[in-house]
Amino acid sequence: MNLISTIFVITITLSAILATLSFWLPQMSPDTEKLSPYECGFDPLGTARLPFSLRFFLVAILFLLFDLEIALLLPLPWADQLSSPTLTFLWATTILTLLTLGLIYEWIQGGLEWAE
């Protein structure tokens with residue numbers, strides 16, 4: 001019981017110190033760019049009919065796709081404790097193979113190049 005209480009006290013103390021430091025250390029120097037609700041580079045008061053880069057959209061979609069891949073593969077260490085880990089390995093290999101083939105296809109088609 002002594003070890004648990006010691007760990008609890010250390011955790012609470014460290015959390016309090018870090019919370020206090022994060023509250024007092026940052027510089028508070030607001031400017032117009034930081035206070036604006038849009039930090040994406042678009043003018044919020046301009047027209048909404050400006051052309052949008054389709055290549056930027058494609059890269060954003062590819063990022064979301066590979067981010068989803070990581071979310072799908074995260075439970076693998078716990079799934080390996082199943083009775084048949086070879087089936088888990090097969091599904092993980094299938095997902096990675098499909099995503100790798102898709103990336104190679106995009107690369108060959110020139111979808112990842114910014115300049116033409």
Side-chain angles (χ1 to χ4, degrees):
M1 188 67 174
N2 193 12
L3 179 65
I4 293 175
S5 62
T6 304
I7 291 174
F8 188 68
V9 168
I10 290 173
T11 304
I12 295 294
T13 306
L14 187 61
S15 298
I17 289 171
L18 289 176
T20 305
L21 283 176
S22 69
F23 181 74
W24 291 107
L25 280 182
Q27 293 179 342
M28 297 296 213
S29 57
D31 58 354
T32 56
E33 291 295 321
K34 290 264 187 197
L35 294 176
S36 73
Y38 299 99
E39 292 184 10
C40 62
F42 294 113
D43 183 19
L45 302 175
T47 179
R49 304 283 181 218
L50 292 175
F52 186 73
S53 171
L54 200 56
R55 294 200 182 270
F56 177 76
F57 180 74
L58 177 68
V59 170
I61 292 297
L62 286 173
F63 171 75
L64 288 176
L65 178 71
F66 284 102
D67 194 39
L68 179 65
E69 169 223 341
I70 290 172
L72 287 174
L73 294 177
L74 271 179
L76 274 181
W78 293 279
D80 275 344
Q81 297 174 1
L82 296 175
S83 60
S84 168
T86 55
L87 184 63
T88 305
F89 180 73
L90 176 71
W91 281 111
T93 306
T94 304
I95 291 172
L96 287 175
T97 304
L98 284 174
L99 286 172
T100 305
L101 289 175
L103 181 65
I104 291 170
Y105 176 76
E106 282 293 323
W107 198 327
I108 290 172
Q109 295 296 319
L112 299 177
E113 296 176 10
W114 286 102
E116 296 188 23

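- Going from atom CG of Leu90 over to atom OG1 of Thr97 covers 9.0 Å, rounded to the nearest 0.5 Å.
- Interatomic distance, CG of Leu3 versus CD1 of Ile7, reported as 4.0 Å (0.5 Å rounding).
- The nearest pair of heavy atoms linking Asn2 to Ser5 is O-OG, 2.9 Å.
- When the side chains of ILVMFWY residues are joined at heavy-atom separations under 4.5 Å, either directly or via intervening members, Leu25 and Ile17 end up in a single hydrophobic cluster.
- Side-chain heavy-atom separations under 4.5 angstrom define the hydrophobic clusters, and Leu98 shares its cluster with no other residue.
- The line from OG1 of Thr94 to CG of Leu99 is 11.0 Å long, rounded to the nearest 0.5 Å.
- Atoms CG and OG1, on Leu18 and Thr13 in that order, are 11.0 Å from each other to the nearest 0.5 Å.
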